[in-house]
Amino acid sequence: MGVGLSTGDHPTDGAGGADTGDGDGDGTRAAVEAYLAALNAHDADAVAARVAEDFVNDHTSSMGHSRRGRAAYRAALTGFLADFGDLRYEPERVLVDGASAAVPYVMTFRMRSAGDRPVRIRGVFLFTVAGGLVTHRTDYWDSGEVRRQLA
C-alpha cells in the first residue's frame with residue numbers, strides 16, 4: 001500500500017508531490033480532510049460541495065442509510081446534522097494510497113431525537129477521490145453500540 005509517516009506523525013502515502021486526488025495521494029488527503037472539516041463544521045452545503053455529482057455513500061450499519069448522488073446526499077444532510085447535535089469526527093489516522101484513503105475515527109454526538117443523549121463510537125471510513133472530490137465513501141460502524149448507548 002505504500003503508506004508511511006511524515007513529520008508530525010501524519011500518515012502519508014510517501015510519494016510526495018501534489019495531485020488532485022487521482023495520483024500520489026496529496027490531493028486525496030486534502031479532499032478527505034476538507035470533507036471531514038465540513039462535517040465537523042455542521043455545514044451541509046460545504047459537505048455536499050466536497051463530493052462528486054455521482055457520489056456513492058455506502059453504510060454497512062443497519063442504522064445507516066446509503067445514498068447515491070450529490071443531490072440525494074445533500075437532501076439527507078440537513079436532517080442528519082440536526083439530529084446528530086455537536087457532531088464531531090476525530091480521525092485516528094489518515095491512511096492514503098493513491099486515490100484511496102482509510103480513516104479510522106471516533107465519532108461523538110448528542111442524539112437530539114433521544115433527548116440529547118451522548119454517543120461515542122469508533123468506526124472506519126473508506127474513501128475514493130477523483131478530481132479533488134470524494135466519489136465514494138463507505139462507513140463501517142457498530143449500530144448495536146449506538147443502540148446500547150441510547151438505551
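Bear in mind that the values here come from a model prediction, so they are computed numbers and not experimental data.
- The existence of a salt bridge linking Arg88 and Asp86 is excluded, since no basic side-chain nitrogen approaches an acidic carboxylate oxygen closer than 4.0 Å.
- Here the OG1 atom belonging to Thr128 is positioned 13.0 Å from the CG atom belonging to Leu133, to the nearest 0.5 angstrom.
- Of the inter-residue distances, the one linking Asp58 atom CG with His136 atom NE2 reads 3.5 Å to the nearest 0.5 angstrom.
- Following chains of ILVMFWY side-chain contacts shorter than 4.5 Å, one can reach Val119 starting from Met107, so the two form part of one hydrophobic cluster.
- From Asp43, atom CG reaches atom CG of Leu81 across 8.5 Å, with rounding to the nearest 0.5 Å.
- Taking 4.5 Å as the limit, some side-chain heavy atom of Tyr105 sits within range of a side-chain heavy atom of Asp139.
- The cluster map of Ile, Leu, Val, Met, Phe, Trp and Tyr, joined by side-chain heavy atoms under 4.5 Å apart, puts Leu126 and Tyr89 in different clusters.
- Closest of all the heavy-atom pairs between Val134 and Ala31 is CG2-O, 4.3 Å.
- Other residues, nucleotides and ligands contribute at most 12 non-hydrogen atoms within 6.0 Å of the CZ atom of Arg122.
- Note: the hydrophobic cluster containing Val106 does not contain Trp141 (ILVMFWY, side chain heavy atoms under 4.5 Å, direct or indirect links).
- Here the closest non-hydrogen pair linking Val129 and Gly27 is CG1-O, 4.4 Å.
- Hydrophobic cluster membership differs between Val124 and Ile121, with clusters built from Ile, Leu, Val, Met, Phe, Trp and Tyr side chains linked at under 4.5 angstrom.
- Ala38 approaches Arg50 most closely through the heavy-atom pair CB-CG, 4.5 Å.
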Test salt bridge (charged side-chain N to carboxylate O under 4.0 Å, His left out) on Arg68 and Asp54; report intermediate values, then the result. CA-CA 7 Å; Arg68 289 189 173 275; Asp54 60 349; over 6 Å; no
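- Here the shortest heavy-atom pairing between Ala101 and Val32 reads CB-CG2, 4.0 Å.
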Go through Asp45 and Arg74 one step at a time and tell me if the side-chain contact (heavy atoms from CB on, under 4.5 Å) criterion holds. CA-CA 7 Å; Asp45 289 331; Arg74 171 60 186 90; 2.8 Å; yes
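- Between Phe127 and Tyr35, the ring center distance clears the sub-6.0 Å criterion.
- Cluster membership check: Tyr140 does not share its hydrophobic cluster with Leu36, using side-chain heavy-atom separations under 4.5 Å among Ile, Leu, Val, Met, Phe, Trp and Tyr.
- Closest approach of Thr28 and Ala99 over heavy atoms only: OG1-CA, 3.3 Å.
- Here the side chain of Arg70 pairs a donor or acceptor atom with the backbone of Ala48 at under 3.5 angstrom.
- In this structure, Leu87 and His42 have side chains that are in contact, with non-hydrogen atoms separated by less than 4.5 Å.
- Among residues at least two apart or in separate chains, there is no salt bridge (charged side-chain N to carboxylate O under 4.0 Å, His left out) pair with a member in residues 75-84.
- In this structure, the side chains of Arg67 and Val56 stay at 4.5 Å or more apart for every pair of heavy atoms.
- Rounding to the nearest 0.5 angstrom, the gap separating the CE atom in Met111 from the CZ atom in Phe84 is 3.5 Å.
- Counting heavy atoms from C-beta outward, His59 and Asn57 have side chains that approach closer than 4.5 Å.
- In plain terms, the two heavy atoms of Ala114 and Leu150 that are nearest each other are CB-CD2, 4.0 Å.
- A search for salt bridge (Lys or Arg N to Asp or Glu O under 4.0 Å) contacts involving Arg147 returns nothing, not counting sequence neighbours.
- Arg120 places none of its side-chain heavy atoms less than 4.5 Å from the side chain of Glu145.
- The backbone N or O of Phe55 lies less than 3.5 Å from no partner atom in the side chain of Thr135, so there is not a single donor-acceptor pair.
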